[in-house]
Amino acid sequence: QVQLVESGGGLVQAGGSLRLSCAASGRTFTDYAMGWFRQAPGKERELVAAISRTGGTTYYAESVKGRFTISRDNAKNTVYLQMNSLKPEDTAVYFCAQGGSNWLPILSSDYVYWGQGTQVTVSS
């Protein structure tokens with residue numbers, strides 16, 4: 001049974017930082033790319049960042065480039081999202097997702113398993 005468990009969300013002031021973690025179990029972690037998505041109220045879910053199975057290749061949405069960093073620790077079966085210089089428009093529920101066969105999936109339909117999400121709220 002595959003499980004993805006996110007942690008690290010919360011309330012932060014604009015300009016602050018948070019680090020999200022996602023602990024994965026149930027599949028060989030190093031076989032799959034990982035991604036972080038977010039969904040704000042009334043908006044579609046969007047890909048924030050993705051990382052290949054080895055961690056050597058990453059993808060970022062334009063809106064977070066230079067502020068967010070995705071990384072993975074394959075020894076701990078965990079993927080991280082370091083979020084700096086947070087803005088109120090970053091407020092959303094953040095989801096961790098595990099890919100399928102694609103090296104670096106960027107479509108939500110390319111992801112097979114999803115976590116429950118963690119709320120990030122950035123106050124102005």
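All values reported here derive from a predicted model rather than from experimental measurement.
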Exercise. Kindly determine whether Thr121 and Gln119 satisfy side-chain hydrogen bond (donor to acceptor under 3.5 Å, both in side chains), including the steps that lead there.
Key: CA-CA 6 Å; Thr121 303; Gln119 177 70 47; 3.3 Å; yes
Practice problem: State, yes or no, whether a side-chain contact exists between Cys22 and Phe95 at a heavy-atom distance under 4.5 Å. | Solution: no
Quiz prompt | Atom pair CG (Asp31) and CD (Gln98), whose distance is rounded to the nearest 0.5 Å | solution = 9.0 Å
Quiz item: Between OG of Ser25 and CD of Gln3, what distance do you get to the nearest 0.5 Å?
Solution: 4.5 Å
Practice problem: Please name the pair of heavy atoms, one in Arg67 and one in Leu86, separated by the smallest distance, quoted to 0.1 Å. | Solution: NH1-CA, 3.9 Å
Quiz item: Excluding sequence neighbours, so at least two apart, what forms side-chain contact (heavy atoms from CB on, under 4.5 Å) with Asp110?
Solution: Asn102, Pro105, Leu107
Quiz item: With no hydrogens and no angle check, is any side-chain donor or acceptor of Glu6 less than 3.5 Å from a backbone partner on Cys96?
Solution: yes
Quiz item: Can you name the nearest heavy-atom pair linking Ser71 to Ile51, along with the distance?
Solution: CA-CD1, 3.7 Å
Quiz item: Of all residues at least two apart in sequence or in a different chain, which pass the side-chain contact (heavy atoms from CB on, under 4.5 Å) check with Ser7?
Solution: Ser21
Exercise. Please identify each residue that fulfils side chain to side chain donor-acceptor pair (under 3.5 Å) with Gln116, with sequence neighbours left out.
Key: none
Quiz prompt | Residue list, side chain to side chain donor-acceptor pair (under 3.5 Å) with Asp73, at least two apart or on another chain | solution = none
Pairs of donor and acceptor atoms involving the side chains of residues 55-63, under 3.5 Å and at least two apart or interchain, shall be tabulated with distances.
residue	atom	partner	partner atom	Å
Tyr60	OH	Ile70	N	2.8
Glu62	OE2	Lys65	NZ	2.8
Ser63	OG	Arg38	NH2	3.4

Exercise. Among residues two or more places apart or on two chains, list those pairs meeting ring pair (Phe, Tyr, Trp, His ring centres under 6.0 Å) that have a residue in residues 96-124.
Key: Phe37-Tyr111, Phe37-Trp114
Quiz item: Is the closest side-chain heavy-atom distance between Gln13 and Val122 below 4.5 Å?
Solution: no
Quiz item: Does Tyr80 have Arg72 sitting over its ring (NZ/CZ under 6.0 Å from centre, angle to axis within 45°)?
Solution: no
